[in-house]
Amino acid sequence: MAAWRNPQVHATRVQAVEDRRSLAVLMMLAAFACFTALDSSAKWLVTEADMSPWAAVFARYAVHLAVVAALVLPAAGFNSLSSRAPGRESLRALFLLCSTLCNFVAVSYLPLTLTATIFFTIPIFVTILSIPILGETVGWRRWLAIGVGFLGILIVTRPWTAEFHWAMGVALGAALCASFYQILTRLLAGIDSTNTQQLYAGLLATLGVAPMAYFNWQTPEGGVAWVLFLTMGLYGWLGHQMLTVAHRYAPASFLAPFIYVQLIFMATSSWIVFHQPPTFWTLIGAPIVVAAGFYIWWRERKLKGA
């Protein structure tokens, strides 16, 4: 219990890594099911319950903050909010908030399969951003994969046609913000504890969106709306916790490709819950985006000798 009560010790002493890959895969799949439930809940609240995206985002982070605070503060106290890099933590929380808001706006207009496909441009954006921010070098093979990935997005969105919807650009903005969030998470590794990062993200996002949520508030009506309203944050917190534990049971290089299973989950929810099956162009472009991201992962692993 000493490591849990002392945040300084907790930040440096972590649970032992175990090689339990089957369990890790199951936990990854459960995490993606939580993230699918989160996006599906947000889409239902905005489209079926006429709730504003601002209120939905507030519910997502307020509940997330309540769960993290209830688990962390009684044991570690307010020292968990003490950051060695408060500027980076605040910027990370801002990008996470912007990504969630853009995503909630996008899913209110677009099928989940489409928003998920666009969201899978994150590995492409992270690779590009790693050059100026992290000082990494990207060879011609990965640049070629980046070009192929954006070709897939062009096939899916077809901006030159009348079917192009402005929300596709918002979904791309969500992916870009999430990419900055991931880069900042890398930069904070070994600087702040996971508890500190979780508290910062939940607290700043809740405070940041609260004013707009207040002026655009609509109280949920009906049992289903209230359940979804109160569980979105729980889905987000639980999904991230399962991802963390999964990476303790198996190497990241082994688990990375399983992220694309979420596209199947999102397509299933889109089809069954919202009666929006994947379009022909999504079926053509999505595998191209996935293949590009998969190749970038494989190439990075090869270069690192993994």
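- Between atom CZ of residue Phe95 and atom OG of residue Ser90 there is a gap of 12.0 Å, rounded to the nearest 0.5 Å.
- Side-chain contact, Tyr61 with Thr100: a donor N or O sits under 3.5 Å from an acceptor N or O.
- Leu112 and Phe274 get closest at one heavy-atom pair: CD1-CE1, 3.8 Å.
- Thr137 places none of its side-chain heavy atoms less than 4.5 Å from the side chain of Ile131.
- Salt-bridge formation is not detected for the pair Glu136/Arg142: no Lys NZ or Arg NE/NH1/NH2 atom is positioned less than 4.0 Å from an Asp or Glu carboxylate oxygen.
- When side chains are defined from C-beta on, Phe104 counts as touching Leu38, because their heavy atoms get closer than 4.5 Å.
- When all heavy atoms of Met232 and Ala59 are compared, the closest pair comes out as CE-CB, 3.9 Å.
- At a threshold of 4.5 Å between non-hydrogen side-chain atoms, the residues Tyr181 and Ser99 do not count as touching.
- Going from atom CH2 of Trp226 over to atom CG of Leu45 covers 11.0 Å, rounded to the nearest 0.5 Å.
- The side-chain heavy atoms of Tyr295 and Val148, taken from C-beta on, include no pair separated by under 4.5 Å.
- Between the side chains of Thr36 and Ser269, no donor N or O sits under 3.5 Å from an acceptor N or O.
- A 4.5 Å side-chain heavy-atom check between Ile133 and Leu187 finds at least one atom pair inside the cut-off.
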Compile the donor-acceptor pairs under 3.5 Å between side chains in residues 46-55 and protein atoms, sequence neighbours left out, one pair per line.
{"from": "Thr47", "atom 1": "OG1", "to": "Lys43", "atom 2": "O", "distance (Å)": "2.5"}
{"from": "Ser52", "atom 1": "OG", "to": "Ala55", "atom 2": "N", "distance (Å)": "3.1"}
{"from": "Ser52", "atom 1": "OG", "to": "Asn216", "atom 2": "O", "distance (Å)": "3.1"}

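- At a threshold of 4.5 Å between non-hydrogen side-chain atoms, the residues Ile128 and Trp143 count as touching.
- Residue His240 holds its NE2 atom at 7.0 Å from NE2 of His64, rounded to the nearest 0.5 Å.
- Under the 4.5 Å side-chain heavy-atom criterion for Ile, Leu, Val, Met, Phe, Trp and Tyr, Leu101 and Met212 are members of the same hydrophobic cluster.
- The shortest non-hydrogen separation linking Val289 to Gly149 is CG2-O, 3.7 Å.
- Pro123 places none of its side-chain heavy atoms less than 4.5 Å from the side chain of Trp297.
- Distance CZ/Arg92 to OG1/Thr185: 4.0 Å, rounded to 0.5 Å.
- The distance from the OG atom of Ser270 to the CD atom of Gln276 is 5.0 Å, given to the nearest 0.5 Å.
- Using modelled atom types and a 3.5 Å distance limit, the side chains of Thr127 and Ser130 yield no donor-acceptor pair.
- The structure places CD1 of Ile183 at 11.5 Å from CG of Leu188, a figure rounded to the nearest 0.5 Å.
- The heavy-atom pair separating Thr206 from Ala62 by the smallest distance is OG1-N, 3.5 Å.
- Of the residues listed (Phe119, Phe150, Phe180), the one engaging Phe125 in a ring pair (Phe, Tyr, Trp, His ring centres under 6.0 Å) is Phe150, and it is the only one.
- By the neighbour-count criterion of 12 heavy atoms within 6.0 Å, atom OH of Tyr109 is sparsely surrounded, having that number or fewer from other residues, nucleotides or ligands.
- With no hydrogens or angles considered, a side-chain donor-acceptor pair links Trp217 and Thr219 at under 3.5 Å.
- Leu114 is not listed as a side-chain neighbour of Thr279, based on a closest heavy-atom distance of 4.5 Å or more.
- Of all non-hydrogen atoms in Val156 and Ala286, the two that sit nearest each other are CG2-N, 3.8 Å.
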Start with the C-alpha gap between Ile296 and Ile146, add the side-chain angles, then the distance that decides, and say whether side chain to side chain contact (heavy atoms under 4.5 Å, CB included) holds.
CA-CA 8 Å; Ile296 289 173; Ile146 289 170; 4.1 Å; yes

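- When the shell of 6.0 Å around OH of Tyr214 is examined, it contains 12 or fewer heavy atoms from other residues, nucleotides or ligands.
- Listed for the Thr268 side chain is a donor-acceptor partner under 3.5 Å among the backbone atoms of Ile264.
- Minimum interatomic distance between Tyr249 and Ala24 (heavy atoms only, all atoms of both residues): CB-CB, 3.7 Å.
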For Tyr260 and Phe120, run ring-ring contact (aromatic ring centres under 6.0 Å, His included): C-alpha distance rounded to whole Å, both residues' side-chain angles, the deciding distance at 0.1 Å, then the answer.
CA-CA 8 Å; Tyr260 296 109; Phe120 282 130; 5.2 Å; yes

Intermediate values then yes/no, side chain to side chain contact (heavy atoms under 4.5 Å, CB included), Phe35 and Leu243
CA-CA 11 Å; Phe35 295 145; Leu243 280 181; 3.6 Å; yes

